[in-house]
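First the proteins, then the strands, lettered A, B, ... as listed; each starts at 1. Note: hydrogens, waters and symmetry copies are ignored here, and every other heavy atom, side chains too, is used.
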Protein chains: 2
Amino acid sequence: MNSAGRRYGRAYEILREAGLRPTRQRLGLARLLFENGDRHVTAEQLQAESTAADMRVSLATIYNTLNQFTQIGLLREVVVEPGRSYFDTNTADHHHFFHEETAKLQDIEGEAIVLGAVPEPPEGTSVERIDIIVRVKNAVN
Amino acid sequence: MNSAGRRYGRAYEILREAGLRPTRQRLGLARLLFENGDRHVTAEQLQAESTAADMRVSLATIYNTLNQFTQIGLLREVVVEPGRSYFDTNTADHHHFFHEETAKLQDIEGEAIVLGAVPEPPEGTSVERIDIIVRVKNAVN
DNA sequence: ACCTGTTTTAAAATCATTCTAAACTATTGA
DNA sequence: TCAATAGTTTAGAATGATTTTAAAACAGGT
Ligand SMILES: [Mn+2]
Ligand SMILES: [Mn+2]
Ligand SMILES: [Zn+2]
Ligand SMILES: [Zn+2]
């Protein structure tokens with residue numbers, strides 16, 4: 001492992017294994033994404049964080065990277081609002097609260113939500129994935 | 001009821017009750033939407049149908065109308081793909097299959113899907129709505 | 001028929017995302 | 001070490017869905 005490898009730790013290995021060149025940009029973004037617990041970010045949010053961390057990364061690269069990471073299973077795309085995509089660092093099977101006021105996603109913990117009856121998919125189709133979004137807003141009270 | 005009223009039937013009443021002027025465009029769109037059973041349409045699909053029915057309606061009006069109908073509870077917006085919104089004429093509580101290959105929505109019938117455990121919403125929030133999307137693709141077989 | 005506020009519309013604007021093609025860089029193997 | 005090569009990044013243009021603008025058309029009431 002070279003100096004970049006030592007400096008960037010786990011991210012370096014992940015990229016090598018995926019056959020993606022460990023570039024400065026990808027390493028930096030991987031670090032922001034994966035060294036801070038479970039996260040749900042939009043492309044713009046991630047760019048803001050990069051900037052805050054003194055990394056200059058173009059939006060095009062942010063999108064490329066988010067899409068590549070999604071493709072190789074490091075991220076998962078979540079659609080809750082027309083026009084904006086969220087990328088989720090938690091790739092385990094789970095569902096979400098969506099806070100309509102703040103436009104933030106939050107994981108629903110394991111057992112808190114359970115599908116009683118899973119529907120039979122239509123003739124000739126198979127279930128790819130099930131997404132449950134619980135939309136919440138600030139209680140009126 | 002005037003001649004428009006007679007010609008457009010139920011749609012006319014719906015609009016009057018909602019306080020929206022029963023214009024030619026709104027009546028025509030209401031007819032396409034509500035006189036053909038449960039439907040899931042995008043703005044562009046609806047415009048194509050209008051054209052096929054020899055009604056010239058601008059896309060801006062299609063959007064205005066879909067949004068107004070959604071606002072007054074005649075439609076419900078369903079988000080399944082980034083970048084495109086579907087409008088659902090079935091406003092009852094229900095969930096969806098989404099066919100990834102054809103980009104079509106299909107209602108899941110009443111009892112076919114059941115939430116075993118409904119999660120407690122986070123402190124200070126209340127549940128606005130729960131959306132379940134079962135994404136299916138053509139079975140490999 | 002006329003007035004007035006509403007609606008429709010073409011066209012421009014917006015916003016997220018993708019594409020293009022040129023500059024840059026990581027990797028490899030002399 | 002270095003050049004060659006393929007992969008990557010980027011600014012800027014393009015795209016596509018949706019919204020906005022402002023002007024023309026229209027509906028409902030008089
Ligand atoms: Mn994508
Ligand atoms: Mn809307
Ligand atoms: Zn999540
Ligand atoms: Zn439906």
**OP:** Using only side-chain N and O atoms of A:Thr23, determine if any of them is under 4.0 Å from OP1 or OP2 of D:dT9.
**Re:** yes
**OP:** Measure from the side-chain heavy atoms of B:Asn67 and tell me the nearest of D:dT19, C:dT6, C:dA16.
**Re:** D:dT19
**OP:** Return the nearest nucleotide to the side chain of A:Ser58; candidates are C:dT27, D:dT10, C:dT6.
**Re:** D:dT10
**OP:** Give the nucleotide from the list D:dT19, D:dC26, C:dT25 with an atom nearest to the side chain of B:Tyr63.
**Re:** D:dT19
Original post:
Between C:dA26, D:dT18, D:dA11, which nucleotide has the shortest distance from any of its atoms to the side chain of B:Ser85?
Top reply: D:dT18
Original post:
Could you state the CD-P distance from A:Gln71 to C:dT18, rounded to the nearest angstrom?
Top reply: 12 Å
Original post:
When you measure from the side chain of B:Thr61, which nucleotide among D:dT10, C:dT8, C:dT25 comes out closest?
Top reply: C:dT8
Original post:
Separation of A:Arg26 atom CZ from D:dT8 atom C1', in whole Å?
Top reply: 6 Å
Original post:
To the nearest Å, how far apart are A:Leu59 CG and D:dA11 P?
Top reply: 10 Å
Subject >> Rounded distance (Å) that lies between atom C1' of C:dT14 and atom CD of A:Glu44 >> reply: 13 Å
Original post:
How far apart are the closest heavy atoms of B:Gln47 and B:Leu59, and which atoms are they?
Top reply: NE2-N, 3.4 Å
**OP:** Grab the CD-C1' distance between B:Gln45 and D:dA17 for me, whole Å please.
**Re:** 14 Å
**OP:** Can you figure out which of C:dA16, D:dG28, D:dT10 approaches the side chain of A:Arg84 most closely?
**Re:** C:dA16
Original post:
Rounded to the nearest Å, what distance is computed from the CD1 atom of residue B:Ile62 to the P atom of nucleotide C:dT8?
Top reply: 11 Å
**OP:** Assess the side chains of A:Glu77 and A:Ser85: does a donor N or O sit below 3.5 Å from an acceptor N or O?
**Re:** yes
Original post:
Just how far, in rounded Å, is C1' of D:dA17 from CD of B:Glu77?
Top reply: 12 Å
Original post:
Any side-chain N or O of B:Arg21 less than 4.0 Å from the OP1 or OP2 oxygen of D:dG28?
Top reply: no
Subject >> Euclidean distance, atom CG of residue A:Leu29 to atom P of D:dT8 [Å, nearest integer] >> reply: 14 Å
Subject >> Residue closer to the 5' end of DNA chain C, A:Gln25 versus A:Thr42 (nearest nucleotide) >> reply: A:Thr42
Original post:
How about A:Glu101: does its CD atom have over 12 heavy atoms from other parts shown lying under 6.0 Å from it?
Top reply: yes
**OP:** Please work out if A:Arg56 contacts a base, only the sugar-phosphate, or nothing of the nucleic acid, heavy-atom cut-off 4.0 Å.
**Re:** sugar-phosphate
**OP:** Please determine if a side-chain N or O atom of A:Arg24 lies less than 4.0 Å away from the OP1 or OP2 oxygen of D:dT8.
**Re:** no
Original post:
So which one's nearest nucleotide on DNA chain D is more toward 5', B:Asn64 or A:Gly19?
Top reply: A:Gly19
Original post:
Does the pair B:Glu49 and B:Arg31 meet the rule for a salt bridge (charged side-chain N to carboxylate O under 4.0 Å, His left out), with working shown?
Top reply: CA-CA 11 Å; B:Glu49 289 185 29; B:Arg31 204 137 75 143; over 6 Å; no
Original post:
Knowing that exactly one of A:Thr65, A:Asn67, A:Leu66 qualifies, which makes a side-chain contact (heavy atoms from CB on, under 4.5 Å) with A:Phe69?
Top reply: A:Thr65
Subject >> A:Arg129, CZ: over 12 other non-hydrogen atoms inside 6.0 angstrom >> reply: yes
**OP:** Taking only the side-chain heavy atoms of B:Ala60 (C-beta and beyond), determine which of C:dT17, D:dA27, C:dA11 contains the nearest atom.
**Re:** C:dA11
